[in-house]
S.K.: 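To start, I am sharing the structure in question, which I have written as structure tokens.
Since this is a predicted model, take the numbers as computed values, not measurements.
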Amino acid sequence: MAAKSEFDPQLIISHKFPELTYCYTERDAALYALGIGACSKDAVDNKELKYVYHPDGQQSIEVLPTFASLFSGGLQSEIAKIPGLDFDPRLLLHGQQYIEMYKPLPSHGCILNKATVSGLHDKGKAAVLEVEILSYEKESGVLLFMNRMTVYLRGAGGFSKSSQPYSFTKYPSNQTFAYKIPQSQPFAVFEDCTQPSQALLYRLSGDYNPLHSDPMVAEIAGFSRPILHGLCTLGFAVRAIIKSICRGEQKMIKNISGRFLLHVYPGETLITEMWLEGLRVLYQVKVKERNRAVLSGVVTLDRLSSSL
């Protein structure tokens, strides 16, 4: 860690990330869907088969909205290159993810990512960094979606120059997504089993962090075995909402927020509880075997299903 006197918050928040291009195919979209559990209970599920197969050909498959989260993954290596932001990459924690959908994702394409630092906060023992990634269809220039990723950099805090902890965000307070999980009975509950090999399948979508595959790395990090990717758990949760609330229509989703609370071990059972507040779905995911909450958040819809 650099000496605190060398830490210049202004240098960090004004950092310019390189523009990055990602191309994907129908195979990538289908592999991702399988990685977050699509068709795992029923290979001919009429609400999910469309993500992996279409009678008109693979070019006609539909894409799950959380597929958009894959395009924020490459930013973690870029965060390590920000001048003056010295931290141990092994101590980076993915705290929150927000996805705003503007257009349905095509089954294949090339995406141009433009990322900026959107927030920086001194939490004493950690620095909290927010990065916004706008993703455009490269050929047309059409804005498809936005990711906002919040990461905790343990050991990088304590850089404030005054008694008031440093805090910067580009978002007005009315653009934050505050919520409280209700104490009432959920509107819907969906139970899904992850497979013991779930992390090994999900990692083929691009996140090869050995924490999710190597037992020795997991042990060093304090886990009894490799853990599931947080964004994989988020994918399971949003799939549950699409099936239970949207009746299989993924295009109803406008935005997704998730706060990662605790790890999941591949093979554990996920119970997604859902509450309706107008067009907002508040949700909480628990691990059945340990009765612990691992993820919570809000999904906003553009309309409600007529069959609800």
Side-chain angles (χ1 to χ4, degrees), residues 31-41 48 51 63-73 75-76 92-99 147-152 177 179 181 186 188-213 217-218 221-246 250 253 255-275 281-299:
L31 182 64
Y32 171 79
L34 295 173
I36 62 166
C39 295
S40 60
K41 288 183 177 178
E48 296 195 327
Y51 304 128
V63 182
L64 285 154
T66 48
F67 184 73
S69 68
L70 296 183
F71 299 96
S72 65
L75 261 296
Q76 293 198 15
L92 182 149
L93 293 175
H94 191 170
Q96 298 181 58
Q97 187 81 15
Y98 174 76
I99 308 168
N147 276 280
R148 192 185 309 155
M149 179 173 63
T150 302
V151 295
Y152 291 79
F177 296 87
Y179 64 92
I181 297 299
V189 179
F190 188 83
E191 185 172 311
D192 216 349
C193 294
T194 65
Q195 300 301 312
S197 59
Q198 200 73 55
L200 299 177
L201 177 58
Y202 182 84
R203 73 190 293 271
L204 299 180
S205 287
D207 187 341
Y208 296 107
N209 185 336
L211 177 63
H212 308 292
S213 54
V217 172
F223 301 103
S224 62
R225 59 188 188 274
I227 63 173
L228 193 62
H229 307 68
L231 288 177
C232 183
T233 304
L234 180 65
F236 269 84
V238 175
R239 267 188 53 246
I241 292 168
I242 292 170
K243 294 196 72 170
S244 304
I245 306 293
C246 303
Q250 81 281 0
I253 291 183
N255 58 59
I256 300 160
S257 69
R259 179 179 292 123
F260 304 108
L261 306 173
L262 194 66
H263 61 279
V264 174
Y265 289 116
E268 291 186 314
T269 305
L270 301 178
I271 298 176
T272 303
E273 301 172 328
M274 296 158 260
W275 294 263
V281 182
L282 280 64
Y283 71 90
Q284 176 175 257
V285 180
K286 293 180 178 178
V287 166
K288 184 176 183 179
E289 290 80 359
R290 289 180 283 140
N291 192 29
R292 298 288 300 276
V294 297
L295 173 69
S296 67
V298 181
V299 169

S.K.: For I256 and I253, which heavy atoms make the closest approach, and how far apart are they?
M.R.: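 For I256 and I253, the tightest heavy-atom pair comes out as CG1-CG2, 3.7 Å.
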S.K.: Looking at C193 and F236, what are the two nearest heavy atoms and their distance?
M.R.: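 Result for this residue pair: O-CE2, 4.4 Å.
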S.K.: Can you tell me how far CZ of R148 sits from CD of Q97, rounded to the nearest 0.5 angstrom?
M.R.: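 Here the rounded value is 10.5 Å.
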S.K.: Just so I know, are the side chains of C232 and T194 near enough to count as touching, which here means a heavy-atom distance under 4.5 Å?
M.R.: no
S.K.: Without hydrogens or angle criteria, can the side chains of Y32 and T66 be said to hold a donor-acceptor pair below 3.5 Å?
M.R.: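 Yes, a side-chain donor-acceptor pair sits under 3.5 Å.
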S.K.: At their closest point, which heavy atom of S296 faces which heavy atom of L261, and how far apart are they?
M.R.: OG-CD1, 4.0 Å
S.K.: Look at the side chain of R239 and the backbone N and O of I36, then say whether any donor-acceptor pair between them is shorter than 3.5 Å.
M.R.: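 Yes: the side chain of R239 pairs with the backbone of I36.
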S.K.: Dump the intermediate steps for side chain to side chain contact (heavy atoms under 4.5 Å, CB included) on W275 and I181, then the final yes or no.
M.R.: CA-CA 8 Å; W275 294 263; I181 297 299; 3.7 Å; yes
S.K.: If you define the side chain from C-beta out and look only at heavy atoms, does anything of Y202 sit under 4.5 Å from P266?
M.R.: no
S.K.: Any side-chain heavy atom of L201 within less than 4.5 Å of one from Q195?
M.R.: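 No - every pair of side-chain heavy atoms lies 4.5 Å or more apart.
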S.K.: Ignoring hydrogens and geometry, is there a side-chain-to-backbone donor-acceptor pair from S257 to V298 under 3.5 Å?
M.R.: yes
S.K.: I need the S244 OG to M274 CE distance, nearest 0.5 Å.
M.R.: 3.5 Å
S.K.: Side chain of E289, backbone of T269: donor and acceptor closer than 3.5 Å?
M.R.: yes
S.K.: Could you state the interatomic distance from CZ (F260) to OG1 (T233), rounded to the nearest 0.5 Å?
M.R.: 7.5 Å
S.K.: Taking T272's backbone N and O only, do any of them form a donor-acceptor pair with Q284's side chain (distance below 3.5 Å, no angle check)?
M.R.: no
S.K.: Report the C-alpha distance between L64 and I242 in whole Å, list the side-chain angles of each, state the deciding distance to 0.1 Å, and finish with yes or no for side chain to side chain contact (heavy atoms under 4.5 Å, CB included).
M.R.: CA-CA 9 Å; L64 285 154; I242 292 170; 3.8 Å; yes
S.K.: Take atom NZ in K41; do more than 12 heavy atoms of anything else shown fall under 6.0 Å from it?
M.R.: yes
S.K.: Using side-chain heavy atoms (C-beta onward) and a distance below 4.5 Å, is V299 in contact with Y283?
M.R.: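 They are in contact (side-chain heavy atoms under 4.5 Å apart), so the answer is yes.
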S.K.: Ignoring hydrogens, what is the shortest heavy-atom contact between A188 and I245? Give both atom names and the distance.
M.R.: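 Heavy atoms only, the tightest pair is CB-CD1, 4.2 Å.
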S.K.: Is it the case that the side chain of E48 and the backbone of C39 share a donor-acceptor pair, with hydrogens and angles ignored and the cut-off at 3.5 Å?
M.R.: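 Answer holds: yes.
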S.K.: Is the shortest side-chain heavy-atom distance between V294 and H263 below 4.5 Å?
M.R.: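 Side chain of V294 against side chain of H263, heavy atoms only: no contact under 4.5 Å found.
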S.K.: Before giving the answer on side chain to side chain contact (heavy atoms under 4.5 Å, CB included), spell out for V287 and L270 the whole-Å C-alpha distance, their side-chain angles and the decisive distance to 0.1 Å.
M.R.: CA-CA 5 Å; V287 166; L270 301 178; 4.1 Å; yes
S.K.: Between L262 and R290, is the side chain to side chain contact (heavy atoms under 4.5 Å, CB included) condition met? List the steps.
M.R.: CA-CA 11 Å; L262 194 66; R290 289 180 283 140; 3.8 Å; yes
S.K.: Counting distance only, does the side-chain N/O of H212 pair as donor-acceptor with the main-chain N or O of R203 below 3.5 Å?
M.R.: no
S.K.: Taking the side chain as everything from C-beta on, heavy atoms only, tell me whether L231 gets closer than 4.5 Å to H94.
M.R.: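 The answer is yes, as the side chains (C-beta and beyond) meet within the 4.5 Å cut-off.
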S.K.: Are N147 and I99 close enough that some pair of their side-chain heavy atoms sits under 4.5 Å apart?
M.R.: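 They are in side-chain contact.
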S.K.: Heavy-atom distance under 4.5 Å between the side chains of Q96 and Y152, does that happen here?
M.R.: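 They are in side-chain contact.
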S.K.: Return the minimal non-hydrogen interatomic distance between A240 and F190, and the atom names on each side.
M.R.: CB-CD2, 3.6 Å
S.K.: Determine the minimum heavy-atom distance between L228 and A199, stating which atoms define it.
M.R.: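 Looking at all heavy atoms of both residues, the shortest contact is CD1-N, 3.7 Å.
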S.K.: Among residues at least two apart in sequence or on other chains, which ones pass side chain to side chain contact (heavy atoms under 4.5 Å, CB included) with S40?
M.R.: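 Partners of S40 under the side chain to side chain contact (heavy atoms under 4.5 Å, CB included) test: D192.
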S.K.: Atom CZ in R259, atom OG1 in T150: separation rounded to 0.5 Å?
M.R.: 9.0 Å
